[in-house]
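Atoms within a ligand are numbered from 1 in the order they appear, just like the ligands themselves. This chain uses plain numbering: 1 for the first residue, then up along the sequence.
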Amino acid sequence: MGNNLKEILDKKGPIRKIGVIGMGYVGIPAAALFADQDVFDSVLGFQRDSPSSGYKIDMLNAGVSPLKGEEPGLDELIKKVVSAGKFKCTSDFSRIADIDAVTLAIQTPFANAASLEPDFDALIEGIRQVGRYLSKGALVVLESTITPGTTEGLARKVLEEESGLVAGKDFALAHAPERVMVGRLLRNIREHDRIVGGIDAVSTVRAVELYSPVLTTGKVIPMSATAAEVTKTTENTLRDLQIAAINQLALYCEAMGINVYDVRAGVDSLKGEGITRAVLYPGAGVGGHCLTKDTYHLERGVKISKGKLDYPAGLDSIFVLARKVNDFMPVHMFNLTVNALLRAGKKSSGSRVAILGWAFIANSDDARNPPSEPYRNLLIDAGCSVTVHDPHVLEYPDVDISHELVDVLKGADVVAILTGHDEYFKLDAKVLKGLMGQKHLVIVDGRNVVDADRFIGEGFVYKGIGRGDKNGHDIR
Ligand code: SAJ
């Protein structure tokens with residue numbers, strides 16, 4: 001099988017024309033970096049001309065990034081590759097026919113985590129578009145985080161159905177998962193090692209040819225497509241597990257009346273002799289598009305695999321349990337809030353809560369799956385009136401997000417910190433007391449950003465995640 005493909009690729013020569021499907025946080029920086037390489041002649045960004053995202057096409061062709069938030073170097077790079085004529089954006093998918101290598105960076109959320117049902121509609125539609133216009137000798141690479149087995153299984157099947165070609169014989173197929181974080185997209189693509197996994201050795205080699213030029217300090221790590229899928233889903237699942245471990249510990253420390261940050265510093269001090277204690281940070285919850293779903297991709301991967309799993313039936317895996325611990329943290333924030341209001345002699349119903357932070361991660365405008373949302377919903381169900389402040393997030397469906405801290409705090413009974421944005425580290429207890437203007441005030445710190453003693457000293461009822469050393473303080 002491989003030899004035929006190898007012959008086709010040798011005759012075709014090196015990759016010159018690249019296509020990137022999905023002009024989002026992953027696709028746009030990837031396309032710009034490909035276009036910035038002299039070895040490649042041109043890059044086409046493919047974007048559906050839909051009401052919600054069609055606007056990106058004209059913006060990109062004008063050399064402007066449609067991505068919100070700070071992305072160092074991206075605006076300049078897009079301007080550079082567009083004015084050099086190396087990058088264009090189009091909604092004409094038939095142009096895939098001229099492309100040597102096409103990558104797909106499309107969202108892969110879960111429709112139902114409990115039943116491990118992913119929502120692959122957008123991904124399948126993207127793969128179908130590629131299959132419809134696929135040429136012999138082309139390389140197709142999935143960059144989205146996907147259920148292990150998807151490249152060899154679903155993707156291969158759809159591409160072969162649509163194109164009438166055979167993967168590994170007429171075209172190359174691989175998985176090269178993205179490893180980017182908002183706020184440092186270009187750096188992550190250049191500097192992180194790149195996992196590249198083909199459905200066969202020839203496909204792996206062709207994919208290595210595609211990604212090598214873009215890497216600066218990062219190196220390519222070749223493996224099989226399924227191993228690459230497991231690698232990506234595992235690295236996020238393990239991060240989620242590490243966060244769940246410190247969140248569980250934080251709950252324990254609250255119950256035991258001690259400060260989790262003392263324990264964290266203590267545990268973290270055990271170093272050397274190859275000992276690494278990757279102790280992460282507890283908090284108000286885990287959000288974003290990645291950690292909230294990649295565990296379920298891994299779980300589904302083992303479920304759909306042909307092998308038999310030797311593990312007690314009905315017992316949650318440690319990974320799924322970690323998801324549940326992290327999903328509990330916004331609920332814990334709510335419980336802390338209700339308890340603090342009681343200490344302040346107030347009922348939840350009728351109390352005003354000011355939420356600080358809607359973004360899922362600090363100093364970003366990215367509000368995908370924000371932990372603030374389940375927290376807000378619980379407050380509203382309990383009869384609280386809620387205001388929301390975030391310095392970066394522009395808008396969010398059905399939630400008024402204000403950029404005016406003063407307006408959000410005025411008359412509030414509770415200030416609750418859900419995201420660790422830099423400006424919240426400067427919150428002044430006296431100023432807040434004046435703005436809130438209530439007799440007994442409450443502060444609930446979900447990211448350990450404020451000085452507990454300062455607020456307690458100003459008469460606040462303080463609650464902090466993991467702060468068992470303070471949560472039962474005497475009220476001034
Ligand atoms: N969080 C904590 N405590 C911590 C770290 C994070 O509560 O110590 C929370 C954050 O507040 C946030 C969530 O977890 O709500 C996710 O934060 P993150 O720092 O993991 O950010 P992501 O999800 O954008 O990035 C992850 C990264 N994965 C790993 O580091 C293994 C990134 O490298 C991936 O590229 C990204 O997922 C992705 O796209 O998969």
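- Under 4.0 Å from ligand 1, the heavy atoms of Glu178 that appear belong solely to its side chain.
- Sequence neighbours left out, the pairs with a member in residues 186-198 that pass salt bridge (Lys or Arg N to Asp or Glu O under 4.0 Å) are Glu143-Arg194, Arg187-Glu191, Asp193-Lys219.
- When only non-hydrogen protein atoms are considered, atom 38 (C) of ligand 1 lies nearest to Cys290 SG, 2.9 Å.
- Gln242 does not count as a contact of ligand 1, since none of its heavy atoms falls under 4.0 Å from the ligand.
- Contact analysis leaves Gly283 out of contact with ligand 1, as no non-hydrogen atom separation drops below 4.0 angstrom.
- Atoms OG1 and CG, from Thr295 and Asp240 in turn, are 4.5 Å apart once rounded to the nearest 0.5 Å.
- Cation-pi geometry between Arg467 and Tyr261 is not satisfied (NZ or CZ under 6.0 Å from the ring centre, within 45° of the ring normal).
- Closest to atom 8 (O) of ligand 1, if we only count protein heavy atoms, is Tyr281 N, 2.8 Å.
- The part of Lys232 lying near ligand 1 is the side chain, judged by heavy-atom distances below 4.0 Å.
- The protein non-hydrogen atom at the shortest distance from atom 20 (O) of ligand 1 is Arg239 NE, 2.6 Å.
- For ligand 1, the polar-atom distance check against Leu291 finds no nitrogen or oxygen pair separated by under 3.5 Å.
- Geometrically, ligand 1 and Asn236 share a nitrogen or oxygen pair separated by less than 3.5 Å.
- The closest heavy-atom contact to atom 1 (N) of ligand 1, among the options Ile243, Ile189, Asn369, Leu238, comes from Ile243.
- Under a 4.0 Å heavy-atom criterion, Gly287 is in contact with ligand 1.
- Residue contacts with ligand 1: Thr145 is placed with no nitrogen or oxygen under 3.5 Å of a nitrogen or oxygen of the ligand (distance criterion only).
- At under 3.5 Å, not a single nitrogen or oxygen of Ile361, backbone or side chain, sits near a nitrogen or oxygen of ligand 1.
- Between Gly285 and ligand 1 there is a heavy-atom distance shorter than 4.0 Å.
- Looking at Glu125 and Arg48, no side-chain N of the basic residue comes within less than 4.0 Å of a carboxylate O on the acidic one, giving no salt bridge.
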Test log, rule salt bridge (Lys or Arg N to Asp or Glu O under 4.0 Å), inputs Lys79 and Asp75: CA-CA 6 Å; Lys79 207 178 258 75; Asp75 294 336; over 6 Å; no
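- The distance criterion of under 3.5 Å between nitrogen or oxygen atoms is not met by Glu235 with respect to ligand 1.
- Taking 4.0 Å as the cut-off between side-chain N and carboxylate O, Asp36 and Lys86 do not count as a salt-bridged pair.
- The shortest N/O to N/O separation between Pro282 and ligand 1 does not fall below 3.5 Å.
- Under the 4.0 Å criterion applied to side-chain N and carboxylate O atoms, Asp294 and Lys232 are not assigned as salt-bridge partners.
- Annotation: atom 34 (C) of ligand 1 to nearest protein heavy atom, Val180 O, 3.5 Å.
- Residue, atom and distance of the protein heavy atom nearest to atom 7 (O) of ligand 1 are Arg447 NH1, 3.3 Å.
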